[in-house]
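Structure first, then comments.
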Amino acid sequence: MLRIASWNVNSIRQRLPHLIEWLGDAAPDVVCLQEIKCLAEAFPTADIEAVGYNVAVHGQKTFNGVAILSKYPLEDVAAGLPGDDSDEQARYIEAVISTAEGALRVASVYLPNGNPVASEKYPYKLRWMDRLKARTAELLALEETFVLAGDYNIIPAPEDARNPADWVSDALFLLQSRAKFRELMALGITDAFRACEASPGHYTFWDYQAGAWQRDNGIRIDHLLLSPQAASRLHGCVIDKSIRGREKASDHVPVRCDLAI
DNA sequence: ATGCCGCGGCGCCCGCGA
């Protein structure tokens, strides 16, 4: 069984103690991190290698930044989402994980927020989603087992928000955003959490402000998207919600699934 | 209508996040 997780840590350097403890508790084999907020040379690679993980980083100063951690060797590492050579934001990294039972491609995805909607940030989000859709179509054509794990900054449906009415004009829940996300899913990939849990009220993000955590005013925006070959091996998916209640928590919590590989 | 909170940075406010 292979355990794969996604976690937007909101600064790896601020979250390192939480990460190390959670790696021990949750025992993931592969972890996709987002918002590491540092360059590769500032990433705490040695601390993470010391607890048994290989590390691949696509860093950026101050903002964004993604990484993949793996107990198994990382091969064919590719940083950056294809489709726009002028895009300098570090939001995508891909690698192949090789185990004795077989290989699995994994991507760590940090999809643009897109707010404010009236700014250039929203069309950037939509273009980025088009590029992700194109890359996903390429990977599907290879008929590989793959997982696109990340912070998608998309609330897929009303049941994925405590107060959906608060989000109707937001880039995370705008009809155009959700339509684009549905186009991506309609290529033939599976939302691992929704494949395992039908009930509403499961969230991965609670704002630091206005007592969102205390009021359970959350949204589900971090997703593990599986190729058909991965979905057929899915054996459960959970959100590690309790992490959010700790001191100095990230505003996101990990989501993880088990694949029979 | 805005800030709430937290993060990084040639930092003592500001941009950014969602």
Side-chain angles (χ1 to χ4, degrees), chain A residues 6-19 22 32-44 57-67 87-92 108-129 132 149-181 193 201-223 239 241 243-255:
Chain A
S6 180
W7 191 7
N8 179 324
V9 289
N10 185 17
S11 169
I12 186 64
R13 287 175 290 180
Q14 292 296 322
R15 225 61 64 203
L16 185 62
H18 279 189
L19 175 68
W22 173 79
C32 294
L33 300 176
Q34 301 86 35
E35 278 207 271
I36 62 171
K37 292 188 171 179
C38 64
L39 290 166
E41 53 262 41
F43 191 87
V57 178
H58 182 31
Q60 181 180 336
K61 196 173 188 177
T62 312
F63 304 120
N64 309 317
V66 287
D87 185 359
E88 295 179 346
Q89 299 190 32
R91 296 179 173 276
Y92 187 88
S108 183
V109 177
Y110 180 42
L111 206 147
N113 173 304
N115 285 306
V117 171
S119 73
E120 71 290 343
K121 295 182 178 192
Y122 191 60
Y124 172 68
K125 175 177 190 154
L126 295 177
R127 287 196 307 273
W128 206 94
M129 292 179 80
L132 181 62
D151 174 1
Y152 282 78
N153 274 314
I154 293 283
I155 303 165
E159 55 266 33
D160 297 312
R162 173 64 179 264
N163 299 122
D166 291 349
W167 297 92
V168 290
S169 300
D170 191 284
L172 278 63
F173 193 58
L174 215 57
L175 285 173
Q176 199 176 354
S177 307
R178 285 189 274 159
K180 191 72 81 179
F181 186 71
F193 186 79
H202 300 278
Y203 313 125
T204 63
F205 170 90
W206 295 260
D207 201 295
Y208 287 121
Q209 303 181 71
W213 167 247
Q214 288 75 13
R215 299 161 185 259
D216 196 26
N217 182 14
I219 51 178
R220 193 176 71 91
I221 57 175
D222 299 86
H223 308 301
I239 296 167
K241 177 178 182 177
I243 298 266
R244 184 64 180 83
R246 300 184 44 179
E247 287 298 315
K248 267 185 79 69
S250 170
D251 40 7
H252 297 250
V253 297
V255 54

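Letters A, B, ... mirror the listed sequences (proteins, then strands); counts begin at 1.
- A donor-acceptor contact under 3.5 angstrom links the side chains of A:Arg91 and A:Asn64, judged on distance only.
- The side-chain hydrogen bond (donor to acceptor under 3.5 Å, both in side chains) test applied to A:Asp87 returns A:Tyr124, A:Arg131, not counting sequence neighbours.
- Within residues 247-255 of chain A, the residues having any heavy atom closer than 4.0 Å to DNA chain B are, in order of number, A:Lys248, A:His252.
- Counting only N and O atoms by type, the side chains of A:Trp206 and A:Asp216 include a donor and acceptor under 3.5 Å apart.
- Residues A:Gln34 and A:Ser6 meet the side-chain proximity criterion, which asks for heavy atoms closer than 4.5 Å.
- Around atom CD of A:Glu88, no more than 12 heavy atoms belonging to other residues, nucleotides or ligands sit under 6.0 Å away.
- Applying the salt bridge (charged side-chain N to carboxylate O under 4.0 Å, His left out) definition to pairs two or more places apart or across chains, those involving residues 246-255 of chain A are A:Glu21-A:Arg246.
- For the P atom pair drawn from B:dG6 and B:dC10, the interatomic distance equals 23 Å after rounding to whole Å.
- Interatomic distance, CG of A:Asp222 versus CD1 of A:Ile154, reported as 12.0 Å (0.5 Å rounding).
- In this model, the phosphate group of B:dG8 is not approached by any side-chain N or O of A:Arg15 to a distance below 4.0 Å at OP1 or OP2.
- Applying the side-chain hydrogen bond (donor to acceptor under 3.5 Å, both in side chains) criterion to A:Tyr92, with sequence neighbours excluded, gives A:Glu94.
- Distance check on atom P: B:dC4 versus B:dC14 gives 12 Å, rounded to whole Å.
- Taking atom CH2 of A:Trp213 as the reference point, atom P of B:dA18 lies 18 Å away to the nearest angstrom.
- Here A:Asn64 lies out of heavy-atom contact (under 4.0 Å) with every strand.
- B:dG9 atom P lies 11 Å from atom CD of A:Gln60, rounded to whole Å.
- At a cut-off of 3.5 angstrom, the base of B:dA18 holds no donor-acceptor pair with the side chain of A:Asp170.
- B:dC7 sits 14 Å from B:dA18 when the C1' atoms are compared, rounded to a whole Å.
- Residue A:Arg215 contributes atom CZ, which lies 11 Å from atom C1' of B:dC4 at whole-angstrom precision.
- For the pair A:Tyr110 and A:Ser11, nearest-nucleotide mapping onto DNA chain B gives the more 5' position to A:Ser11.
- Listed by chain and number, the residues in a salt bridge (Lys or Arg N to Asp or Glu O under 4.0 Å) with A:Asp160 are A:Arg194, A:Arg220 (sequence neighbours excluded).
- Distance A:Leu174 CG to B:dA18 P: 16 Å, rounded to the nearest Å.
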Pairing string of DNA chain B (Watson-Crick or G-U wobble, both atom distances under 3.5 Å; | = paired to other strand) is ....(((((...))))).
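- To the nearest whole angstrom, the two C1' atoms, one in B:dG3 and one in B:dC13, are 16 Å apart.
- One side chain, A:Asn10 or A:Lys37, offers a donor N or O that lies under 3.5 Å from an acceptor on the other.
- Contact annotation: A:Gln14 side-chain N/O to B:dG8 OP1/OP2 distance is under 4.0 Å.
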Mind listing the N/O atom pairs, protein and nucleotides 12-16 of chain B, below 3.5 Å?
none

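- In this structure A:Asp207 satisfies the side chain to side chain contact (heavy atoms under 4.5 Å, CB included) test together with A:Phe205, A:Gln209, A:Ala212, sequence neighbours excluded.
- Considering only residues two or more places apart in sequence or on other chains, A:Tyr110 meets the ring-ring contact (aromatic ring centres under 6.0 Å, His included) condition with none of them.
- By the ring-ring contact (aromatic ring centres under 6.0 Å, His included) test, A:Trp22 pairs with A:Trp7, sequence neighbours left out.
- Toward the 5' end of DNA chain B, the nearer of the two residues A:Arg91 and A:Tyr208, judged by each one's closest nucleotide, is A:Tyr208.
- Separating the CG atom of A:Leu16 from the C1' atom of B:dC7 is a distance of 16 Å, rounded to the nearest angstrom.
- With sequence neighbours excluded, no residue forms a side-chain hydrogen bond (donor to acceptor under 3.5 Å, both in side chains) with A:Ser250.
- For A:Asn10 and B:dG6, the shortest distance from a side-chain N or O to OP1 or OP2 is not below 4.0 Å.
- Between A:Phe181 and A:Tyr152, the angle of the ring planes goes over 60°, which puts this pair in the perpendicular group of the 30/60° scheme.
- Look at CG on A:Leu39: it is 13 Å from P on B:dG8, rounded to the nearest Å.
- Contacts between residues 150-162 of chain A and DNA chain B, defined by a heavy-atom separation below 4.0 Å, involve A:Asp151, A:Asn153, listed by number.
- Taking atom CZ on A:Arg13 and atom C1' on B:dG9, their separation rounds to 10 Å, with Å as the unit.
- Between the C1' atom of B:dC7 and the CG atom of A:Asn8 lies a distance of 12 Å, rounded to the nearest Å.
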